[in-house]
Amino acid sequence: KKAEYFYVYRTRRRISLVTFGGVGSFVAIKLILILIFSFYLTGVLPLLAATQNWSFDNAGDYTYDGAKIEVTGGTARLKGTDSTASGSTLNSGFTTDITGWTYADWEQANRASGARVATGGNPGAYINIALTTQNNNTASGYWQQSFTTTAANPSASVSFDWQIPAYSATGLTSFTIYVFVDSAAGAPTLGTQVWSQTVTGATAWASVSNLDVSSKLTTAGTYYLKVVARRITGASASGTNTAGFDNVILDWSKTTTSYATDKPTIRPNASLTASGAVWNSFSETAVKNGGEIYYQLSDDDGTSWKYWNGSSWAAAGAGNYNTASVVNTNIGSFPTTNGKIMWKAFLESNGSQQVILDDVAVGYTVNSPPGISNLTAAQQGNGTVQIDYALTDNESDPSSLNAYEYSLTGAFSGEQQVMTASTTDPLHEGVSGLNSSPAGTSHKFIWNAKADLGDTYAPAVYVRLRANDGIVSGAYAV
């Protein structure tokens, strides 16, 4: 028994000497580093909170379908494809006939007539409207042609030539010619004309070019181009008033830009890597024009993708994604084990909406690892060793000991063994749920050395601890 007591005493002494002597300098240096680091963090704590922005300055940093998305001007946006629809009225010069055109009397039918004239046009044939004399009479007639637009609000213009080959002023109150663009066939409505000219005498051919009539074509559909002559007479009227029209044409066109409707995606080529990070926020800056942007996240460089399914981050299929708002609300629980995060954006449009993504930002906090300081070991008379230490963590995270080992050589290169905890000892505080603080919170680990070493004399025994705060492990303390 005396020999046994002697050996146990010697073992205790060796542990004490090794702890204070052989490792004292290491612990001192670690303490200094922890104190300096803590002071640094305390002085400039905002540096721990960081934001990674993806601002689309370099197209080569992203993966996307260049036929559907373009990265330009610091934005990622749906790429437009232009298509132009156009059309015009027919047979503007009446060269051989009046195909496409029809004539109708408007007011006082027996005093108005319309015909194609084979010569005297500008040049060649033309059409006319002749209004014959009757006292106190209003006579009018019109030519019309229908045309169809396939786009709403196209650009449209009318060009035509006009002349007055016959003019009688006797008993004349007014003689006016008009151009209408109407949405219905038949007699026009005064006040809705796109052009008019009050006639005061016979004239040669005159031209009107590119008269803008875009405001008349508000929807896709069928419209009617009409040229009109109208005469009002008083008492003692005589003679005929005739208007001629040639080269009458309406042109319209509409260039439409369309965008992909299959939700093309874009993602960065590289993940944000921040070991020990805690994800805090997710935001986008975008102009959606009625469209939407959805996201998936990856913690393995895009090998697999996740979305928030309402209760957890789950494996995502092609149709599983979330808005930026949903991602932001739940990003705090996105996995941090790999210390990586990557996003993939789905740009949704109905075909007419250009969705533009200006910026994606992920906010995160770099979690500092926990540390072990003030490590001492003292053998007790009952075959146990009391190990005192301080658990440091700049965020005061609850931590666990994920390594508590001993070595008879101090190499810790594979020969070390796990210390058996003396869980029945009232001084033993366990290995999980341990409080920490930036300055260090004191704890005790009671090692059942007799259970691990037996009644063996060991001239030097080394112990080491390491802590984990649930996010990252700290360094070993020996």
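Basis for what follows: all heavy atoms, side chains included, without hydrogens, waters or symmetry-related copies.
- Aromatic ring centres of Tyr224 and Phe147: separated by at least 6.0 Å.
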Checklist entry - Can you check side chain to side chain contact (heavy atoms under 4.5 Å, CB included) on Ile177 and Val228, steps first, answer last? => result CA-CA 6 Å; Ile177 56 178; Val228 180; over 6 Å; no
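- With a 6.0 Å radius and a threshold of 12 heavy atoms from other residues, nucleotides or ligands, Tyr404 has its OH atom at or below the threshold.
- Under the 6.0 Å cut-off for aromatic ring centres, Phe160 and Trp195 qualify, their centroids lying closer than that.
- Looking only at distances, a side-chain donor or acceptor of Gln145 sits under 3.5 Å from a matching main-chain atom of Leu90.
- Within the cation-pi definition used here (under 6.0 Å to the ring centroid, within 45° of the axis), Lys226 does not qualify as a partner of Trp143.
- Judged by the 6.0 Å distance and 45° axis criteria, Arg116 is not positioned over the aromatic ring of Phe94.
- Closest approach of Val355 to Gly291, counting heavy atoms only: CG2-CA, 4.0 Å.
- Side-chain contact between Tyr476 and Phe412 is absent, with no heavy-atom pair separated by less than 4.5 Å.
- Taking both residues in full, the closest heavy atoms of Tyr103 and Gly141 are given as OH-CA, 3.5 Å, listed atom of the first, atom of the second, then distance.
- A donor-acceptor contact shorter than 3.5 Å is absent between the side chain of Asn322 and the backbone of Val326.
- Scanning all heavy atoms of the two residues, the minimum distance from Ala467 to Leu391 falls at CB-CD1, 3.5 Å.
- A heavy-atom distance below 4.5 Å is found between the side chains of Asp182 and Thr192.
- Side chain of Asn338 to backbone of Lys340: no donor-acceptor contact under 3.5 angstrom is found.
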Item to check | Test side chain to side chain contact (heavy atoms under 4.5 Å, CB included) applied to Tyr142 and Val227, step by step | outcome: CA-CA 6 Å; Tyr142 60 94; Val227 291; over 6 Å; no
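- For the residue pair Ser55 / Asn53, no side-chain donor-acceptor distance below 3.5 Å is found, with atom types taken as modelled.
- Ring geometry for Tyr62 against Trp343 counts as tilted: the plane angle lies between 30° and 60°, on a 0 to 90° scale.
- Interatomic distance, Lys79 NZ to Thr257 OG1, rounded to the nearest 0.5 Å: 13.0 Å.
- Side-chain contact, Ser157 with Asp212: no donor N or O sits under 3.5 Å from an acceptor N or O.
- Using modelled atom types and a 3.5 Å distance limit, the side chains of Ser368 and Glu395 yield a donor-acceptor pair.
- Between Trp313 and Trp308, the ring centre distance stays below 6.0 Å.
- With Trp106 as the aromatic partner, Arg230 meets the cation-pi criteria of under 6.0 angstrom to the ring centre and within 45 degrees of the ring axis.
- If you run side chain to side chain contact (heavy atoms under 4.5 Å, CB included) between Lys68 and each of Asp262, Thr265, Thr261, only Asp262 comes through.
- The closest donor-acceptor contact from the side chain of Thr392 to the backbone of Gly371 lies under 3.5 Å.
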Checklist entry - So Val194 and Lys216, side chain to side chain contact (heavy atoms under 4.5 Å, CB included) or not? Walk me through it. => result CA-CA 9 Å; Val194 297; Lys216 293 293 185 176; 3.7 Å; yes
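- Separation of atoms CE (Met419) and CD (Glu405) is listed at 7.5 Å; rounding is to 0.5 Å.
- When Trp54, Trp305, Phe282 are each tested for a ring-ring contact (aromatic ring centres under 6.0 Å, His included) with Tyr295, only one passes: Phe282.
- Remark: the backbone N or O of Val179 is not paired with any side-chain donor or acceptor of Gln193 at under 3.5 angstrom.
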Item to check | side chain to side chain contact (heavy atoms under 4.5 Å, CB included) between Leu434 and Tyr389, worked out | outcome: CA-CA 12 Å; Leu434 302 171; Tyr389 64 96; 3.3 Å; yes
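- Side chains of Ser155 and Ser214: a donor-acceptor N/O pair is absent below 3.5 angstrom, by distance only.
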Item to check | Derivation and outcome, salt bridge (Lys or Arg N to Asp or Glu O under 4.0 Å), residues Asp388 and Lys444 | outcome: CA-CA 5 Å; Asp388 292 281; Lys444 297 181 187 299; 2.6 Å; yes
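- When atom types are taken as modelled, the side chain of Trp279 and the backbone of Pro335 share a donor-acceptor pair closer than 3.5 angstrom.
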Checklist entry - Run the side-chain hydrogen bond (donor to acceptor under 3.5 Å, both in side chains) check on Ser207 and Asp161 step by step: do they pass? => result CA-CA 4 Å; Ser207 297; Asp161 299 332; 2.6 Å; yes
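- There is a side-chain donor-acceptor pair under 3.5 Å between Thr420 and Asp452.
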Item to check | Test log, rule ring pair (Phe, Tyr, Trp, His ring centres under 6.0 Å), inputs Tyr294 and Tyr307 | outcome: CA-CA 10 Å; Tyr294 301 98; Tyr307 81 109; over 10 Å; no
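- Across Pro369 and Gly474, no two heavy atoms sit closer than the pair CB-CA, 3.8 Å.
- Listed for the Asn128 side chain is no donor-acceptor partner under 3.5 Å among the backbone atoms of Gly244.
- Atom CD1 of Ile356 and atom CG of Leu347 lie 9.5 Å apart (nearest 0.5 Å).
- Residue Thr303 comes nearest to Ser298 through the heavy atom pair N-OG, 4.1 Å, listed as atom of the first residue, atom of the second, then distance.
- Closest of all the heavy-atom pairs between Ser253 and Ser86 is CB-CB, 3.8 Å.
- A distance of 11.5 Å separates OG1 of Thr75 from CG of Asp359, quoted to the nearest 0.5 Å.
- Between the OG atom of Ser399 and the CG atom of Asn468 there is a distance of 7.0 Å, given to the nearest 0.5 Å.
- Remark: the backbone N or O of Phe445 is not paired with any side-chain donor or acceptor of His428 at under 3.5 angstrom.
- Less than 6.0 angstrom separates the ring centroid of Tyr321 from the ring centroid of Phe346.
- Using a distance-only test at 3.5 Å, with no hydrogens or angles considered, a donor-acceptor pair links the side chain of Asp246 to the main chain of Asn122.
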Item to check | Verdict with reasoning, Gln163 to Thr203, per side-chain hydrogen bond (donor to acceptor under 3.5 Å, both in side chains) | outcome: CA-CA 5 Å; Gln163 75 159 175; Thr203 67; 6.0 Å; no
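- Although no hydrogens or angles enter the test, the distance criterion places a donor-acceptor pair under 3.5 Å between the side chain of Ser349 and the main chain of Gly351.
- Atom-to-atom distance recorded for Ile69:CD1 and Leu357:CG is 9.0 Å, nearest 0.5 angstrom.
- Across Phe245, Trp101, Trp205, a single residue satisfies ring-ring contact (aromatic ring centres under 6.0 Å, His included) together with Tyr126, and that is Trp205.
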